[in-house]
J.: 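Just dropping this structure here.
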Amino acid sequence: MLGILKKPLRKMIAGSPWVYRMNTGSCNGCDVELATVALCPRYDTSRFGVKLSGSPKHADIVVITGPMTIRCKDAAYRIFSQIPEPKVVMTVGNCPISGNVFQDSYAVDPPISKHFPVDVSVAGCPPSPWAILDGFVKCIEIWENRIAEKLD
Amino acid sequence: MLTTIKTVLANIGRGPATSRYPFVEETVPKGFRGKVTYDPSKCIGCKTCVHVCAGKAIKIDEKTDCFDFSVWDGTCTRCQMCENFCPTGAIKVTEEFHNAYLAEDVYKKAHFGNIPYIQCAECKKMIKPLPEVVAQEKLKGENIAYKERSYICPDCRRKAMAKDLMKGLAR
């Protein structure tokens, strides 16, 4: 019975990944770009079922912006541990990849891949909305595979 | 009520506002700054781009017989300063915006260039070469002082020219 349901179930779950947005000290450029992608009808992410969630406990995809400042490190770790497995981690912007213009500052601790297991990185300062859309599409593929692993 | 109906009808005629991006290719607006490309055949190694780069994306590594140029996409701020200041047009900003990678591919997204030095014919010092394309474009192929002594270093060229000058004065 469950064997027959597995395939449609997988499609259904992968059809609506909820996104939790985490700002670890970003300059807000990437956040604005992300908000325009996720919320405005021009680059409608609802076409892929992507929806912003308010609570980390409902989230499937974590989107991280910013170079991880020392002050928000503990909070970021705490929030990240609350997001249920399996989860997909996507970083937006250059700061999570390398620290970008803040890279030698004493107050930041980049890259994010040092702290969390990152799956998809969207480069750019800030990245264009189309690139972020591409990132979401890549995330959904990974998310579907993770679900399949979990179900088998 | 009538205005509402009018607006609704007008909007139906206009079609959807959503861009169909992942399924249909998008054209970027004019002046969009995307990825940086590098043309090693035009680079003279003046290091102006290293100096102006805000995100420290461009690095020039000087070795004994060559210099290595690299620009990493992961820390480039797309400010276009390198293109503005490049005297020969070796660096160009493209309209490429497909920047979503898998995380393990991030460190592969870099342009590399390796340019060997040439040796000065007189003092055997290693000097950065002036590419023929740049000589044609910037000097228009008419700079006689450069044309005659393109194989020697600036110091030796200065000495040779001073020698020529003294010869001319003595005559």
Side-chain angles (χ1 to χ4, degrees), chain A residues 27 29-30 33 36-37 40-48 50 63-64 67 88-105 110-114 116-142 145, chain B residues 11-12 14-37 49-59 70-83 93-111:
Chain A
C27 70
C30 295
E33 215 69 4
T36 60
V37 168
C40 94
R42 176 113 171 83
Y43 312 99
D44 198 6
T45 52
S46 319
R47 289 177 294 163
F48 315 110
V50 172
V63 177
I64 302 176
V88 180
V89 183
M90 169 172 142
T91 61
V92 171
N94 275 344
C95 289
I97 298 174
S98 61
N100 208 10
V101 290
F102 310 112
Q103 57 188 264
D104 288 335
S105 167
I112 293 285
S113 51
K114 202 159 79 181
F116 307 133
V118 179
D119 295 303
V120 177
S121 294
V122 184
C125 187
S128 58
W130 308 299
I132 299 175
L133 268 178
D134 278 342
F136 276 130
V137 172
K138 279 206 166 84
C139 274
I140 290 166
E141 277 170 25
I142 296 169
N145 293 337
Chain B
N11 282 341
I12 287 168
R14 211 176 288 153
T18 308
S19 108
R20 302 187 60 234
Y21 166 63
F23 314 109
V24 175
E25 203 45 55
E26 191 81 32
T27 49
V28 293
K30 205 177 158 228
F32 182 85
R33 303 194 293 264
K35 273 182 203 171
V36 165
T37 53
C49 48
V50 178
H51 184 68
V52 297
C53 186
K56 296 180 187 168
I58 302 173
K59 283 198 174 67
S70 69
V71 48
W72 182 31
D73 204 33
T75 178
C76 167
T77 30
R78 275 87 166 151
C79 58
Q80 216 184 10
M81 291 287 265
C82 47
E83 191 194 314
V93 171
T94 59
E95 293 185 339
E96 170 70 28
F97 61 81
H98 301 278
N99 292 328
Y101 322 122
L102 294 180
E104 58 261 34
D105 294 340
V106 160
Y107 296 104
K108 297 173 194 160
K109 301 289 171 188
H111 283 278

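Per chain, numbering begins at 1; letters A, B, ... match sequence-line order. In this text, all values refer to a predicted model and were calculated from it rather than measured experimentally.
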J.: Non-hydrogen atoms of chain B under 4.5 Å away: do they reach the side chain of A:Pro111, the backbone, both or neither?
T.: side chain
J.: I need the residue from B:Lys35, B:Lys109, B:His98, B:Glu26 with the largest number of non-hydrogen atom pairs under 4.5 Å to chain A.
T.: B:Glu26
J.: Considering all heavy atoms of both residues, which atom of B:Val106 and which atom of A:Ser121 are nearest to each other, and what is their separation?
T.: CG2-CB, 3.5 Å
J.: What are the two closest heavy atoms between A:Trp130 and B:Thr27, and how far apart are they?
T.: CH2-O, 4.4 Å
J.: Can you find a heavy atom in the side chain of A:Ser98 that is under 4.5 Å from one in the side chain of B:Trp72?
T.: yes
J.: If we ignore hydrogens and angles and just use 3.5 Å, is the side chain of A:Asn94 paired with the main-chain N or O of B:Cys76 as donor and acceptor?
T.: yes
J.: Considering only heavy atoms, which portion of A:Asp119 lies under 4.5 Å from any heavy atom of chain B: side chain, backbone, both, or neither?
T.: backbone
J.: Please determine, among A:Cys40, A:Ala123, A:Ser113, A:Gly99, the option with the most heavy-atom pairs under 4.5 Å with chain B.
T.: A:Ala123
J.: With a 4.5 angstrom heavy-atom cut-off, is it the side chain or the backbone of A:Ile132 that approaches chain B, or both, or neither?
T.: neither
J.: Let's test your reading of the structure: which of B:Ala57, B:Gly74, B:Cys53 forms the most heavy-atom pairs below 4.5 Å with chain A?
T.: B:Gly74
J.: Give a yes or no answer on whether the side chain of B:Thr77 reaches the backbone of A:Cys125 with a donor-acceptor pair at less than 3.5 Å.
T.: no
J.: Run the side-chain contact (heavy atoms from CB on, under 4.5 Å) test on A:Ile97 and B:Tyr101 for me, step by step, so that the C-alpha distance in whole Å, both residues' side-chain angles and the decisive distance to 0.1 Å come before the verdict.
T.: CA-CA 11 Å; A:Ile97 298 174; B:Tyr101 322 122; 5.6 Å; no
J.: Does atom CZ of A:Arg47 have more than 12 heavy-atom neighbours from other groups under 6.0 Å away?
T.: yes
J.: Where is the tightest heavy-atom contact between B:Ala100 and A:Ala131, given as atom of each residue plus distance?
T.: CB-O, 3.6 Å
J.: What residue in A:Thr91, A:Ile142, A:Val101 has the most heavy-atom pairs under 4.5 Å with chain B?
T.: A:Val101
J.: With distance as the sole test, does B:Ser19 use its side chain to make a donor-acceptor pair with the main-chain N or O of A:Tyr43 at under 3.5 Å?
T.: no
J.: What distance do B:Asn99 atom CG and A:Ser128 atom OG have between them, rounded to the nearest 0.5 Å?
T.: 6.0 Å
J.: For A:Phe102, is it the side chain, the backbone, both or neither that has a heavy atom under 4.5 Å from a heavy atom of chain B?
T.: neither
